[in-house]
Amino acid sequence: MKNQIGTLLGFVILTAALTAVSFVGLNKFASLREIEIENEARFQCAESSRYQVTGADNVIVWYPVSDLYSKCLQEKGIK
């Protein structure tokens, strides 16, 4: 009887530990995924709101248009 209780108690403790580790891992993954989604939205806004200037030495420079960038971020729910 004591052996069965010990085995059951060990199983419950192991299950609780695995559940806790899984919860922490999934929570961390969800947090990183949110950051990834926000960064992708920022990148897309930067890509869509830029203009190009070609310098004297055929140097191409890209500049963001700040008001269009800000509007894009607001439409995506960022900031």
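Scope of the values below: all heavy atoms of this structure, side chains included, with no hydrogens, waters or symmetry mates.
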Could you tell me whether Asn3 atom CG has more than 12 heavy atoms of other residues or ligands within 6.0 Å of it?
no

Applying a strict under-4.5 Å side-chain criterion to I, L, V, M, F, W and Y, I'd like to know whether Phe29 and Val21 cluster together. no

#### Entry: Check: Val12 and Leu14 side chains under 4.5 Å, non-hydrogen atoms
no

In short, side chain to side chain donor-acceptor pair (under 3.5 Å) pairs touching residues 23-33 with sequence neighbours left out are Arg33-Glu36

CD (Gln52) with more than 12 external heavy atoms under 6.0 Å
yes

Residue set satisfying side chain to side chain contact (heavy atoms under 4.5 Å, CB included) with Cys45, at least two apart, ordered chain then number -> Tyr69, Cys72, Leu73, Lys76

- So Leu9 and Phe11, side-chain contact (heavy atoms from CB on, under 4.5 Å) or not? Walk me through it. CA-CA 5 Å; Leu9 185 60; Phe11 177 74; over 6 Å; no

Glu75 meets the side chain to side chain contact (heavy atoms under 4.5 Å, CB included) criterion, sequence neighbours left out, with Lys71

For Ser22, the side chain to side chain contact (heavy atoms under 4.5 Å, CB included) test, sequence neighbours excluded, returns none

When rounded to the nearest 0.5 Å, the distance separating CD1 of Ile13 from CG of Leu18 is 12.0 Å

Sorted by chain and residue number, the salt bridge (charged side-chain N to carboxylate O under 4.0 Å, His left out) partners of Glu47 (sequence neighbours excluded) come out as Arg50

>> If you apply the rule side-chain contact (heavy atoms from CB on, under 4.5 Å), what do you find for Val59 with Val61, and how did you get there?
In response: CA-CA 6 Å; Val59 176; Val61 180; 4.2 Å; yes

Same cluster (ILVMFWY, side-chain, under 4.5 Å), Tyr63 and Leu68: yes

Taken in chain and number order and not counting sequence neighbours, the residues that satisfy salt bridge (charged side-chain N to carboxylate O under 4.0 Å, His left out) with Glu34 are none

